[in-house]
Structures are given as structure tokens and as C-alpha cells.
Amino acid sequence: MDSTTQPDRGIRIAIDRGGTFTDCVGTLNGKDIVIKLLSEDPANYADAPLEGIRRIMGHFLKRDIPRGEPLDTSQIESIRMGTTVATNALLERKGEKIALVVTEGFRDCLVIGNQSRPKIFDLAIRKPDVLYEEVVEVDERVTLEDYAEDPERRITKADAKAGSHEAGSADLVMGLSGEAVRVLRRPEEGGIRKQLQRVFEKGIRSIAVCLMHGYTFPDHEALVGRIAKEIGFQHISLSHELMPMIKLVSRATSVCADAYLTPAIKKYISGFQKGFAGGIGTRSALNEEGSKGARCEFMQSDGGLVDVEKFTGLKAILSGPAGGVVGYAITSYDESTKVPVIGFDMGGTSTDVSRYGEGRYEHVFETTTAGVTIQSPQLDINTVAAGGGSRLFFKNGLFVVGPESAGAHPGPACYRKGGPATVTDANLVLGRLLPEFFPKIFGENEDEGLDFEASKMVIQELTEQVNRDTGKNMSIDEVAYGFLTVANEAMTRPIRSITEAKGHDSSKHRLATFGGAGGQHAVAIAESLGIRQILVHRYSSVLSAYGMALADVVDERQEPDSKVWQGKGGVVDELKIKMEKLKDKSRQALKDQGFEDSDIVFEEYLNMRYRGTESALMIVKPSEEDSKASFGGEEWAFGKAFVKHHRYEFGFTLDDRDIIVDDVRVRGIGKSFRYQDKTVDQQLDEVKRQDIGNKKAHGKAQVYFEGGRMETPIYKLEDLSVGDEIQGPAMLADGTQTIVVTPKAKALILETHVIIDLQKDGKDDSHEKNSSEREVDPILLSIFGHRFMAIAEQMGRALQKTSVSTNVKERLDFSCAIFDATGGLVANAPHLPVHLGSMSTCVRTQAKIWEGKLKKGDVIISNHPSYGGTHLPDITLLMPAFNEKGDKILFYAASRAHHADIGGITAGSMPPHSRELFQEGAAIKSEKIVSEGKFNEERITELLYKEPARYPGCSGTRCLADNINDLRAQVSANQKGISLIETLIEEYGEDTVQFYMVNIQHNAEKCVRELLKKVYQKFEGKDLSAVDFMDDGSPIRLRVTIDPEEGEATFDFEGTGPEVYGNINAPEAVTYSAIIYCLRCLISEDIPLNQGCLKPINVKIPPKSLLSPSAGAAVVGGNVLTSQRVTDVILKAFQACAASQGDCNNLTFGFGGNLTGEKEVKGFGYYETIAGGSGAGPDWEGTSGVHTHMTNTRITDSEVFERRYPVLLREFSLRGGSGGSGQHRGGDGVVRDIEFRIPLQVSILSERRVYKPYGMAGGEDAQCGLNVWVRRVDKSDPENDLAQQNGHVSGDGEAVEYEERYINMGAKNSAPFKAGDRIIINTPGGGGWGKVGEEKVLDAKRDHTEAWRKGSHANREDAALQV
């Protein structure tokens, strides 16, 4: 198949059908043709790819082929295509009608998802709709016999293998992953047939099947699949066939996406096939008489091609963008120099970023697109902005770009359809877009060029608004340039985050830019990232299509595993056998597509992780040379490669822990067309450069660069020769793209690329002015808003990356922030609302205590409520940053993380019955744990392990190693923040950074003052007041008095109940967090979130009340329960919405510890918070099964939960009818039913079990929550059972008959559960809004980022603030 050895058998065609344009590249005997046409043009043609093929064939065959004439496939060698059909069907929700088949008890698993909400400050919570119309719950159940947290590390063996005949009757079966599976209930065939028949009769023809633990035990899914086939379903997606990986929710979403999209794709393909005279696809190319058929392959999300007949919905979602990644990877990366490349693809509707290094594609296995989380290998592509169509706004004194987009209709103002101001318009006004080079496809008759005057008009309007609001006198050019600068900063922020999150340094990359708009922004983006060289391919505007032509056909195979890695012996042999079996299947699949053995190569992977963590890394088998260089020539050096990769990506290794192999994966690659051009580096070595001055200039234009307009030569790319060197400023253009070369850059023409080199820049002193005489520049203010937030976000990335515990790494229960020298909050990446205002109290307190005593590299630790802490498990570390001399603190970086255990009377350190602070674990007022860079592990062990155990009935921490690892991660996060601000100071100067640190706070303050003035008018000057109660009857009262002149308010909590002899006391810091959170929600626009929000607020908290408790009072519930009630009261006073569940439903269970005077018992502790219903509002319905207000942590996936802990999750579903009725209904709570398989101590700490979440404006209250203990009691002798329960009597081995008793545990309780006991947690709903029967007035707001490709960036940033 090597194209170097044979002339083309026919025309080779590659097509990328994008959202706006369809790009086509045709090749015959070394000659290329490029065609660009509109993806939708129904007046002229029905299908853009067919039209492109028609034009390409007409060009090469030198005849006009009439539209509608079937195309002759004997003239075509191959067609390769990327398409947005799947993505569009997903976005517009226009896929097939489907039903989901799932294990009983999990019907709502996709509605609840991971229980977090996408945007933490939206009171109207909007989660994406599910894809299915019907759910079928199958009465079957299996679970895993062993559990990963078992201190004894027991491993059960089973003889029957999953999928075998014996598995049909055995109770214990060996799963595909090598784990013992216990079959609890087998499905009944007749029942399933009836259920599926009912679905079939409703007209549904496509089903998705995902059963609990189906990834390792597929037998029950296979049975459902067989019955569905017999009934006549046309499409059946089984989760174990699509992606046999653990995680019920991700697998179920993926299988739904496949069932939903594949029929839509098949429909499209059958229409496409009708346009050809011969067949298309491998079978027709190989089997037909003569040479009739043409090969036809589609690009998949993983960057590999697949035969048209095997193309499915699940693998089609990134079909188009994947071509671009393949295009730049093959044309811009050099195997010999190994310089990694960042791909920057800026089109009209989105800007996508990816990375290619180490000679292979970076895949992610869980990504979100259009609100659907997919589990399948996909290229790591992340959308960072809306593209050229990003809209421009001036809001609250800041320049804002996007995320709203003008789309293709109406498009930017210059498209002549009355569109808004966009990035494209700013480029046009500044002369950075040349209308003469742009296709004339606009206007009524689609024959006019871009409309410069329309762009000028919309930018002029923005300029007038900026000048009116700021009192400045900025020119239209300055404003347009300001917007471009802010747009570039907004795009740079996630690019930096994506590269650095994986341990890469963005400045050590090249930037490959492609897509229509990339050339106008590439230099600015590269400068910001510290990149020195930009590559623009000659086909950069159609690189996705060009990439299709260069791609390989790929066959992916994967199977689960669970072995503990050992470098030698049986384990490796077993894994090799599994790998070889997968390779054989893959080889056969590629041979069926016409490949010879000599064309097939394999990439072999093991998905590996440390025991007790969930951060698996997909490790590729080291090549022979890598193995010799790094791993002593070991052939299967997976283990060593994992350790090396873990250190590189996460910054640490866990040498005392086992390495677990989760999956075995093979990527079979059928090599097709070889890329023959010389690499960029080879061309750079050989090129003879000549500076051509203005000799070949086609014309001149006045183009705006920083500082003003400059006369700039314009060059036509086709007029330039290899070796021509052009010093900026210059514009290079052809019919498809414009490349802006700035004054400090130089362009060089190569055969395949334009190279832009950036000159090293000295420090810019233009920003340095005395703070007292300078004015605020709104552009710089907007940029610093982004920069400060980016620093807090990157600290969060560093902490998540380097931490070990599930709490931090997976549940994301942490926050990072930067503070000014006084301890005022400057930027807080909004990880958890409850941390927002409270960290500042802590930093201020510590700054005073340590004034004048700190040195560079010192770190302070504190968690005590009287010192700005919230509750003890939340440990704060803060670190000062000094000026160059080291004699003055400029700011602080701080991180707060929830530690899973810090000692106290119960495992998990969230005791429901604590009365004194010491019962809740280690309480640290103020200690230095790092002195000038040296970590004091001995003192930490003393504080967390030894000191808590000195109190009666208390233990020290039950997971010291995790605590220490997480604390080290917090130190490195703070270090990261400090080094990033030092870089910022280097760039802008100390005075400037400090000046904008203060002014970004003024900006937030101004927004809050405006809000308070509006509230005063709305309530006609009346005071706002509200009261609500904790379940013990303690009132929380609030009166808000507003001064309309100043825009100030007093929040007075007079009348709130006294301190409680219990644990719902909330330190003052918690109330500040609740206030700052509520104000931000009420503003309902993205504003910088910092200390300025609280400047206009005077807070009065009565001393000795439960909101200002004494130093020794128990507070563990204050942070997670009382904080929610304070929020309810504030929102009630402002009449913003009905109450949400008002609770976190804190569940802990475990065993073990080092109680005073007793022998240490090795055990574990587990902690989770559980979702409920959200409150309805004036124009929205409440949302069911979601976390609200002060928390947003995720829930452990049901399958992972059972793999790690000795539990059986009986049910996790919505609690129908628990939301309050009304004009708009409140959301429903959830039912979580957990059975314990071994004896454990179980504790629940909850609220809203007595007082209902209130309705508002005539809406009804929601249902309270209820915690039920289902006890297995010996029927014959209840006393005997009670004695056994308390450990007094041992059974004599006789068979005992049990009955179940349902016992209400109340809101806060702890009990020793026996094996077989269950806890059923029914969480509260949200209140209703408006009277029942009134007409709904719902506002369907759109999420403008829904269509964005989330890649690896999604994990955190979905919840993160956009400044």
C-alpha cells in the first residue's frame, strides 16, 4: 500500500464536513486540488461532500459532471471523510428514539450523573437532558466479592469463567477483569422479553444496555442483547462490547450515545452511498467484479480511520477535529528532533487546542461533548473559545469576550446579516483581515465581500459605551485592540492549563496554527505562552481534510483486568497472553479491510494505577531503544514506565503501594499512505534564506499593532518562493487565510509551511508608573482578572494532580486562592462555595500572628475554627511571597483541602454526636510546617496522629500517609501560585501587579454596590428579613438594611439562637462565605470574585450565638449543614428562590484506629455527601438529584464504590414527589440504599429531617429527608440480637431466622451495623415557586459552551469561574 511504489489507481479524496464549511482535498498522481464549500446550501446541492467529490472528479477527468449523475467509483481509489453528523445530532438532540436497559435500582443513574452542577453560581441549575425516552429496569444483580480497601488484601478465587456455560449456574464467577464476581440474582428471560416487547410496541427500535459490573461480567447484558435481537430491535448497543471499563455512569452515557447516534449515521451513510454508481467501502472495493468499488473510510474520534460499514455513533463525535490533529501531527512533528507541538485550530464557531509529542497521539478515555460524557478513546481536544464569532461585550467595567457566539447565522457584523460585534469585526477594523482575499459569499445575492462599515459601526458603539462608563477617551482602534488582547488572554489561559496539568512546559513547544482565523492570533498566543516558533502549513485552512488523507486505519481492542503488577513471572505471562489474543482479533479485523501483515503495526498499552487511587495512566509499551536507555533493556518494562510517567505527570511516586493493571489495550494500525514531504526541521537545515524586503509586496495597508497603525506590506502567498524571509510587520494572505506577522516577528517560506519566528522580548517597562498618579486601564484590568484567576486555577490543577486521596483527587473537595498582603482575597478558583469568603478570615488571622517572623519558603498550617477555620477536616496551608529583597510580603497563596480523616471519635472525622471540638479530631491553631523549604513530617505526625489520641475515646488520624501526601500536594500548589505571580511581576512590574490586585477588588465592590441599589428599588426601601430553623429548633434570623445612596448593606443576625451543645455551631468565617456566595448568585453575571464583594457589607453576628461559637465548641456540622441554612435564610430575605435541600447528607463509615489504651487496628474510613432537590424560582423549575449552594462535590461511581468498599448499593434513584409543588415545581431528592457486607461503624450527619425546605411566592414546601436503618433481627430472641449487637454474645452456629426492622435514625446518629444491615437515606427535595395551577413562565437559557469539546480540561473547569 506504499504510495511511493505505485502510481495512483484513481483519485484520492479527503473531506472534512465542518459546521460552516466543507473542505475537500483531491489528489491524482501527485497533483492536488482544494475545494471549500458551504456545508449547508440546499438551494444548490443536497449533500456538501457529494458535491465536493463531483467537483474534484470533474476537475481531474476534465469534464463537467451533471449534478445528480451517480459518480463512477472505478475512477476513485479512496474516499476519506470526517463529519459533524454525530455532533450535530447530539447538540440538536435529533438522534434516534432509544430506551436504556439498566439494573434495577439505577433507573435514574444518568439523571443524577455525578451529582455536581455545571455552574456553581446559577440558582437555576440546568443539567443536560438525557438521551433516552424509556428506561427498563432488569431484575438482576451481581457484585464484586472482594474490596480494594481491605487491609487484609484477601483475594477470592473462582473456577467458572464469565461467558462460559458453568457461569450460568455458579454463584461465584471469575470476571473478565480477573476479579471474583458474586451472582446475587439471575435475570428471568420471560420477564425481560415482556419488558422489551412493551418498549418495541411504543415504536422504539434502538436500545442501550448497561448493567452493573457488565464490564467484567457481560453474561446478563449478552442475554438482554439476544432477546432484543429476537424481538426485532434494529440497533442494540451493549456496554461490554463498546467499552469494557469500570464506571457505570460513563459507560451508560456512552452506550446511550451510541444507540442514539449510530442509526443517524447509518441513515446519512446510506444516503451518501446512493450518490455513487459502484459500491463504497472495503467489501465492495475487494469483492466486486472488475474495479468498480472505492474504499471509503471515516475518521473516528481517536484519530484513526475505520471502514464505512464499521463507523458508529460513539466513535464519531470528534470525527472532524480529529483530522486536524492528525494533519498537524504528521506535517509538523519531527521524529529526530522530537519538539512537541501545540495545535491551535481557530475556526468561525470554535477554537480547539490539542498537543502532539513523544511521537504518538494523546488520548483521553472520558470526555464531555454537548453535555454527554463519553467513555471511549478520543484525541485530547479542548475547545477554549467560540472562535472568530466570539461576541464582544463591555460589562461591569471589564472587557468581555464570549462565550456567546454569533454562529454562522447571523455571524459577525461584517457578514451583512445584521450580526453583533465579534472578534472577526475587531480584526477587520484593525486591518488584520483583508476583505479582498476573503471569499465574496455575503449579501442578498451571496456575491459581496466583508462589510467594513458594519464592523466599524458596532465597534464604534462599544467604544462609546467604554468611554461613557469609564470617563476615558479611548479611540475605536484602542478598544478593538483591547478586545483582541483580552480574547487572546482568554484563550491562552486554558491552553496553559491543559499543557501544564500534564507536566509539560508550554514554552518548550511549537505552535501549529490552522483553521480560518488562526493566522490572525497565532503570534499573540505564542508570545503569551512563551513559544518562539509558529508553523503554518500551506493547507492550514483545510488541514482537517488534509489530515484525513494522511491518517491510518485503526482497530482498537480493550479488556478489563485487575492484576497486581509484577515485573517477572506469571502475571506478565498472563497479560502477554491477553495482549496476544487482542492483537489476533485486531489483525484479523484489519486484514478484512484489505491490509497485509506487512502493513500492520501495534501499539500495546496497559492502564495502570497505584492501589487506593483512581488516577489510572494509559502506559504504552516502551520501544526497544527507550527500554535500553531508561529501563535496563527490559522487554516488558510497563511497571518502570508507569513509575516514570507518574513522577512526570503528578510529581511523585508511591513506592510502598502495589501497581494495579485495570485494562489491557491494543491499537492495531493499518498503515496506508506514507507522508513523503521533508520534515520542517530538515527543510530548516537545508533552506537558503533571502531577505526580500518589500520587493514582492502585492500592496500596503495601515494595520494596527500595539501602539498605533503602521504601514504594512501585504504579500500574496503564491508570489513567495522557498527561502523568502520577511521581517514584520507584514500580512501574508491567500484565498483561505490571512497571517499577521507582528513588528517583532519574522516569517520564512518553506516548501510545506510558513514559519514565524518570534524575537526574544525584554521586560516591558511601559506599565511601570507610580500607583498614586496612574489611572485604571480597563483592558489591563480585564487581563489581570484573567491572570489572577488563571493562577488560582493552576494552583487547583497542581493540587488535584499531586494529591493522593479520593477526597481531593476525585471528589475535588478543595479550594485554592491568592490574597493580598493584608489577607484580602484577590482570586479564588471557585472550587467549593463554602470556602469562598472563609479562607480570607484564616489568612488575615495568620498574617497578624506571624507578622515579621516569616521567611521565604515558610508554610503555615491551621484548621482551628477560632483562627478562620470552618471545620477541622478542612486544613488550610498558606505561604507568603516576598519582594526581591525578601523584606516585604507582597501577597499570600493558600490552599484548603478536606482530609478524609484527622482523628476524633469516629472514622471519617465527621461525628454526628460530637459535643466538644476535641472529639472531631486534630485542631491546629497556627504552626509552621515548612521552614525555608523543609517539610517537618515529625511535627505533622505529632499533630495529626498522636495529639488527637490523647483525648478520651478518640483516635489519631486513620490515614496518616494520605494526610502527609495531600499536605505535600497543598505545599506544591501554593508554591505553584507563588512562582506564577513572580512571573507576572517579572512581566509587568511589582507596582502594576499590586495596583491591579487592589483595583480588581474595587471592580467587584462596584458590582455589589450596584446590585444593592437595585434590590432597594425592587423592595421599595423596605428592610429585608427572614428566619429559618435548624432541626433542633435553633433559629437563624436575618435583617438586611440597605443604604441606597452608598449601595451598602448591613446583614444583622440578631435573634439567632445561642451556641449549641452539639456540632451545628458555625465559625464566623462560614457566614461570610454564605454571604459572598449569595451575592455572586444574585448578580448572575461573571464578575471577579474577591474581597471587594464584602466591602459594602457590614455583618453583625451576635457573640456566643451558634454563628459565633466559643473556642472549644464542636463545629463539624456548621460547615456542611448550618452554612446551607444561612444560605437559605439570605436567599429567603432577598426572595430569590425557594429553598433547596439545605443539607449535604454527610455519610461516613469504616472501622479501625488507634484509640487511647488500645492496640491499633488497621482499617479504612469513607466519606460522601449526597445530592437532593434544588429550589424552583420565578422563571425556572427546580432540578432533581443535584448538589446545591455551599457544596458541589461529586459522588463515587456506583461500580467504583462497590469495588473499593464492602458495600452493595441496592438503589440510587430519584425520590419521586419529594419536591414542592407550585407554578414551578421544586426538584426531587434521592434515595440511596446501601447494604454493608461486613460489620462497620456507620454515621449520618444531616439536616432538614424536621423543618421542611420552604416554598416561595405561594409555592409548597418540599418533603423532609429521612434516614432509615434496616436491621436484621433474630426473630426468636430480640434480646439475644441486641446483646450480639453490643458484642456480648457469640452465636452457637445454629441457623437463625432473621426479620427486617425499619428504624428511623433521626438526622444525626452513629451505630455499629452488622453484615446485611442497610441504611436508606432519603434526601430532601427543593421547595416550589408560585401557586399551583398558575401558568408557567420558564426562561430556557442556553449554555453557550455546550457544544465545546471538553477533553481533559473538563474535570475541573466545568465548575470553574469564567471571569
Side-chain angles (χ1 to χ4, degrees), residues 108 111-112 115 117 122-127 1024-1031 1033 1035-1036 1038 1074 1078 1081-1082 1121-1145 1169-1191 1213-1232 1246-1268 1307 1320-1340:
D108 300 310
V111 179
I112 300 168
Q115 80 178 7
R117 59 193 187 277
D122 281 1
L123 293 173
I125 297 169
R126 288 180 175 82
K127 289 168 89 171
L1024 318 181
S1025 64
V1027 63
D1028 205 340
F1029 298 88
M1030 302 299 287
D1031 279 349
I1036 293 178
L1038 170 65
C1078 291
C1081 289
L1082 294 167
L1121 304 176
T1122 316
S1123 65
Q1124 296 281 40
R1125 193 67 65 262
V1126 174
T1127 307
D1128 286 341
V1129 171
I1130 297 169
L1131 293 173
K1132 189 177 187 180
F1134 280 85
Q1135 293 175 30
C1137 59
S1140 293
Q1141 70 157 339
D1143 180 24
C1144 292
N1145 305 295
T1169 58
I1170 307 167
S1174 80
D1179 58 7
W1180 71 85
E1181 306 250 33
T1183 300
S1184 302
V1186 69
H1187 256 325
T1188 54
H1189 299 323
M1190 300 309 278
T1191 187
S1213 63
L1214 296 182
R1215 185 183 170 210
S1218 54
S1221 297
Q1223 173 192 11
H1224 300 144
R1225 263 197 73 83
D1228 288 332
V1230 302
V1231 177
R1232 193 157 169 88
S1246 61
E1247 269 287 327
R1248 289 283 192 213
R1249 298 307 190 258
V1250 179
Y1251 289 91
K1252 294 178 174 180
Y1254 58 78
M1256 177 70 77
E1260 293 180 4
D1261 294 349
Q1263 296 286 316
C1264 282
L1266 176 67
N1267 306 321
V1268 178
I1320 305 175
I1321 298 162
N1322 298 280
T1323 70
W1329 175 284
K1331 291 195 176 72
V1332 176
E1334 284 183 12
E1335 194 185 337
K1336 294 184 185 299
V1337 282
L1338 299 175
D1339 177 10

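For clarity, every value in this text was computed on a predicted model and none was experimentally measured. Quick note: numbers below take in every heavy atom, side chains included, and nothing from hydrogens, waters or symmetry partners.
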- request: Kindly write out the residues that satisfy side chain to side chain donor-acceptor pair (under 3.5 Å) with Arg1215, not counting sequence neighbours, or none if the list is empty.
  value: none
message: Restricting to side chain to side chain donor-acceptor pair (under 3.5 Å), what partner residues turn up for Ser1213, sequence neighbours left out?
response: Glu1211
Rounded to the nearest 0.5 Å, what separation is found between the [atom1] atom of [X] and the [atom2] atom of [Y]?
X: Gln115; Y: Thr1188; atom1: CD; atom2: OG1; result: 10.0 Å
X: Thr1127; Y: Asp1028; atom1: OG1; atom2: CG; result: 11.0 Å
X: Ile1170; Y: Ile1321; atom1: CD1; atom2: CD1; result: 3.5 Å

task: Using atom types as modelled and distance alone, determine if a side-chain donor or acceptor of Ser1140 lies under 3.5 Å from a backbone N or O of Gly1175.
output: yes
- request: Give a yes or no answer on whether the side chain of His1224 reaches the backbone of Val1337 with a donor-acceptor pair at less than 3.5 Å.
  value: yes
Check residues 1251-1260 and write down every donor-acceptor pair under 3.5 Å in which the side-chain atom is one partner and the other belongs to a residue at least two apart or another chain.
residue	atom	partner	partner atom	Å
Tyr1254	OH	Asp1128	O	2.6
Tyr1254	OH	Lys1132	N	3.4

- prompt: Can you list every salt bridge (charged side-chain N to carboxylate O under 4.0 Å, His left out) pair that touches residues 1322-1332, not counting sequence neighbours?
  reply: none
message: Filter on salt bridge (charged side-chain N to carboxylate O under 4.0 Å, His left out), then keep only pairs touching residues 1217-1231, sequence neighbours left out; what's left?
response: Arg1225-Asp1228
message: Could you check whether Asp1031 pairs with Arg1125 (Lys NZ or Arg NE/NH1/NH2 to Asp/Glu carboxylate O, under 4.0 Å)?
response: no
query: Just checking, is any N or O donor in the side chain of Gln1124 or His1189 under 3.5 Å from an acceptor N or O on the other one?
result: no
- request: Would you check if there is a donor-acceptor pair between the side chains of Asp1143 and Thr1323 at a distance under 3.5 Å?
  value: no
- prompt: Considering only heavy atoms from C-beta outward, does the side chain of Val1332 approach that of Gln1223 to under 4.5 Å?
  reply: no
task: Sequence neighbours left out, what passes side chain to side chain contact (heavy atoms under 4.5 Å, CB included) with Phe1134? Give chain and number order.
output: Val1015, Leu1024, Val1040, Phe1051, Leu1082, Ile1130
task: Evaluate the side-chain hydrogen bond (donor to acceptor under 3.5 Å, both in side chains) criterion for residues Ser1246 and Asn1267: first the C-alpha distance (whole Å), next the side-chain angles of each, then the deciding distance (0.1 Å), finally the verdict.
output: CA-CA 9 Å; Ser1246 61; Asn1267 306 321; 3.0 Å; yes
message: For Val1129 and Ile1036: C-alpha separation, side-chain torsions, deciding distance, then whether side chain to side chain contact (heavy atoms under 4.5 Å, CB included) applies.
response: CA-CA 7 Å; Val1129 171; Ile1036 293 178; 4.0 Å; yes
